[in-house]
Amino acid sequence: MTAHSGFPFLTSLMVLPVAAILVLLILRRDSAVRSVTLAVGVLEVLLSIPLYSFAPSLPGFQFVELKPWVPQWGMNYYLGLDGLSLFMVLLSTLLLPLCVLCSWTYIKARVKEFHICLLVMTAACVGVFSALDLVLFYVFWEAMLVPMFLLIAVWGGPERRYASLKFFLYTLAGSTLLLVAIIAFRAMGGSFAIPELLGRDFPVAFQRWTFLAMALAFAIKVPMFPFHTWLPAAHVQAPSAGSVILAAVLLKMGTYGFMRFCLGLTPEASHFFAPLMIALSVASILYGGLTALGQTDLKRMVAYSSVGHMGFVTLGIFMFNMQGLSGALLQMLNHGITTGALFMMLGAAYERSHSREMADHLGMGKYLPAFMGMWGLFALSSLAFPGTNSFVGELLVLTGAFSANLWAAFLSVPGAMLAAAYMLRATRSMAWGSPTTAKGWADLNVREWTALTPLAVLVLYIGFAPGLALKAVEPSLERLLVGVNKHAGTATLTTGPVAVSSSATLSGKPGTVTAKTGSQVNETPTTRLAEVAR
Amino acid sequence: MIPRLLAPEIGMAALALVFFLQGLGFESLKRLGGLSVWLAAAVTVLAAASLDARGSLFWDCYAVDSLSQFFKLAIAFGFAVVTAIGPRPVDVEEGKRPDYFMLLAISSLGLMLLASAKELTTMYLALELASLSLYAVAPLRAESRPAAEAAVKYILYGAMVTALSLYGLSLIMASQHTTYLPQLAAKPWSVAQSPLAVLGLALYLCGFLFKLALFPFHFWCPDVYQGVGNETAAFVSTLPKLGAVAVLVRLVGELGMNSQTGSALAVLAALSMTAGNLSALAQKDLKRLLGFSSVSHAGYAVMGLVAAGPEGLASAAFYGVCYLLMNLAAFFVVCRIGADGSNPTLASLDGLYKRSPGLAFVLLAAAFSLVGLPPTAGFVGKFFLLGSLWGKGHDWLVVVAVLNTAIAIYYYLNMVRHAYTVEPGEATPLALKSLRGILGGGLAVALLLVGLLPGFLFGLAQAAAGFAIR
């Protein structure tokens, strides 16, 4: 099917953590558990290196694995990657060793079980983003809930019981209707295979209700305002590693769902409900920003900032143009890197201060210059400072919004300013406030440097050279865009100021979704940006 | 030929005889006490070995086919697990234990006969055999007033629905002039053509819906679970339901499902799920909670019958076995926590993780399977049921079912929450003996295995349902 269909890379990325659990079960010493999990994490990163051979120009999915699972129901063990999922899988594998490192001294009780949860999470994350069978996707989607629930409920803060229960109830209740939609897709499309269903034209009425059923699950996961109330509680109570995975990967499952399923399977309904989704996105941006501004609890502030940042992602998705979509996808990656790093840093700060309050972290700059330097970098990235990764993503989203929906763009811009306000306020207090308890705290140690450096490098690398990432995702996004816009009465795609004519051939066979894109595609602002960046 | 066809039944009857002789006080058999678990396991092996037996016996009243053998294996397995969970139930006095196991074995035998019955009177007799022995077992909890009360409720409700069933049978006989399923299948079953027969069938079904604890025949269920001993509840909550599913699959397979009956059952299923789940939300007593949960699960199982057709019936049969596994796992935990004979409450689960990590894991697997969370047996079971019903004119029931899952999350998750996040009131560790640990671990692993690789079991269920469909 593709050049990469030989070795089961994706399966091995899932099997390795699961096999490691068996090893962990027989280990007795906590240090051995940590070391083995770290080794598995490093191996996981090494194992995902071959995924960089992903060829953006090839149509369809790559690294495809297809085995019958429950033949009676036409369910298959069907995995594959395209531009939409590639970076999410890479991010998931990268986070495992970093999470082990940032929990090294933080987690002291039930160490073995904690690391088992991390390993299960990693396997499930890879599964969610690579599943090409709807049922398989749902299985991984739900399977992530249990380890996450346990991470919050067992190793969380004082309010962990409430937070874990709320997290579980919200997310599971939201995704029950997703299951109905999946069953309906099989009844209507005759298959659970996503590549096969992507080629189907479903009736409009069917699209509309399935869109709503799926969108509820995804909106809760993102989370979009007003379905976000589980997030701050979960983030604040979760241990650092839990917050990191939650911010970096779990929320992305929602936006990935919007892109893959809502836009891919229900294009007409996506257009129909776009005003609603845009309104909720703008509300999320403004609400997230304003609420973050009012927080004195640093973790809660970053949690609310996530609501705002993810609002930019959903805004970009429902702009139905290349800038919006590529900006959204890049922002998914960026938010994972930046917010993940911020949560790691807050975890490190908590280990020193045993507090999450901004007032207890005043004047850290004087005693912990390395820590503050690193924090400054990630804070600048979070507020989308030029030269950092988020700048490129947010700029693309806003460019897309300005060309497609002026009002939405106009209303979202203050969101970016709010991010600057709350992030700079926190950074100013931490760096230059009058030192209270910070005196005597140790600066970043080797372990923390090791955990944060890869993310810092990524912040700058994507910030200065976004071209590589964009190049890998553009062809997939173009194909998605062709599909989503072909029913919207647009024979030619308008991707901002420059018109791109595209024609797509979508066949019903798995893995044969192909798209031919006009030569003018190189003239889109996105790719021009990518070219410049290269 | 006949011994091969009846191997599971003969095995179970022999086991009942052994217990009977033990009860009579034969010294040589008293030493068999600890061996009862292995004997029950041997019956399971016998049932597995005769999985491919086919034939018709007793003037076509009794069918040995893939449907009957599938359920007989499940019943034998369930009986063996219940025996292994509590080989020496503390609620039952030492001297009465052989009688207790004898009655359970006779009930299992009745359920096996039920799975094979192809004629209405035979079905009725098998149901009575299965029920009467349970009525006798229910009050065995030593000197317990709630047990006596539960037994009285069980008997009274049971007697009432038995009367209804018998009355229904008489109406069917009067209007259709036969009680053989193949012949009944050829008769008209619409309200317009044979109203008496339809009414008769509806009344006849009450007996089985009672065993299934479907709304509104469920009122006995939580009271009986709460009143009887923990090990007895493990049996009552699982095996009779399996027998009921077997009969209903056969009845729907042979007679088909007309739209009126389908709609009526769909409404009952929706009410059963909702009433069961809403009532379970307020429960503190674990067995009572599981009782209401089983009312909601009865609603799920009925979805497969409403869907009818090969997919629907196979899904119902498959779900029956999933339910058996997950409820046995849940009752395994209940029996261990209430090993002193007490009724465990949610608070008894506090800090279970610290007291016994293994038991907490079994509870985790059972609870998440009962919710229907992947990758457990409960998820695939529910998924197949929902998938088979979609597009059969009752899509609303699918939506009601998933919304009910959302309600159910709360109380199942609450069990896990108590076990994993609350500090234990008493820190005494709950030691699991190695063999018992293997049993609990085996049930948890089975739930995960069926969830991950359901193909084989569903294949068996499909063959079973395929045989039922004419």
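In what follows, chains carry the letters A, B, and so on, assigned in the order in which the sequence lines appear, proteins first and then strands, with residues in each chain numbered from 1. Model, not experiment: these values are computed from the prediction.
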Any side-chain heavy-atom pair of A/Val180 and B/Leu386 under 4.5 Å
no
Residue from B/Leu373, B/Leu364, B/Val380 scoring the most non-hydrogen pairs under 4.5 Å with chain A is B/Leu373
Honestly, the part of B/Leu452 sitting under 4.5 Å from a heavy atom of chain A is backbone
* Could you check if a side-chain atom of A/Leu177 sits within less than 4.5 angstrom of a side-chain atom of B/Val399, using non-hydrogen atoms only? => yes
Residue from B/Val422, B/Ile407, B/Val402 scoring the most non-hydrogen pairs under 4.5 Å with chain A is B/Val402
Honestly, the part of A/Met188 sitting under 4.5 Å from a heavy atom of chain B is neither
So, the part of A/Ala213 with a heavy atom under 4.5 Å from chain B: the answer is neither
Check: Does the side chain of A/Leu172 come within less than 4.5 Å of B/Val371's, by heavy atoms?
Finding: yes
Whatever's closer than 4.5 Å to a heavy atom in chain A on B/Phe368 counts as side chain
Greatest number of non-hydrogen atom pairs under 4.5 angstrom with chain A, of B/Pro375, B/Pro454, B/Ala314, B/Gly387, falls to B/Gly387
Residue from A/Val154, A/Leu150, A/Leu179 scoring the most non-hydrogen pairs under 4.5 Å with chain B is A/Leu179
Check every N and O of chain A against chain B and note each donor-acceptor pair under 3.5 Å, with its distance.
from, atom 1, to, atom 2, distance (Å)
A/Trp69, NE1, B/Leu452, O, 2.6
A/Gln72, NE2, B/Gly455, O, 3.1
A/Arg110, NH1, B/Tyr420, O, 3.4
A/Glu113, OE1, B/Tyr353, OH, 3.4
A/Glu113, OE2, B/Tyr353, OH, 2.4
A/Arg161, NE, B/Thr421, O, 3.3
A/Arg161, NH2, B/Thr421, O, 3.3

Rounded to the nearest 0.5 Å, the CZ atom of B/Phe383 sits from the CD1 atom of A/Ile182 at a distance of 7.0 Å
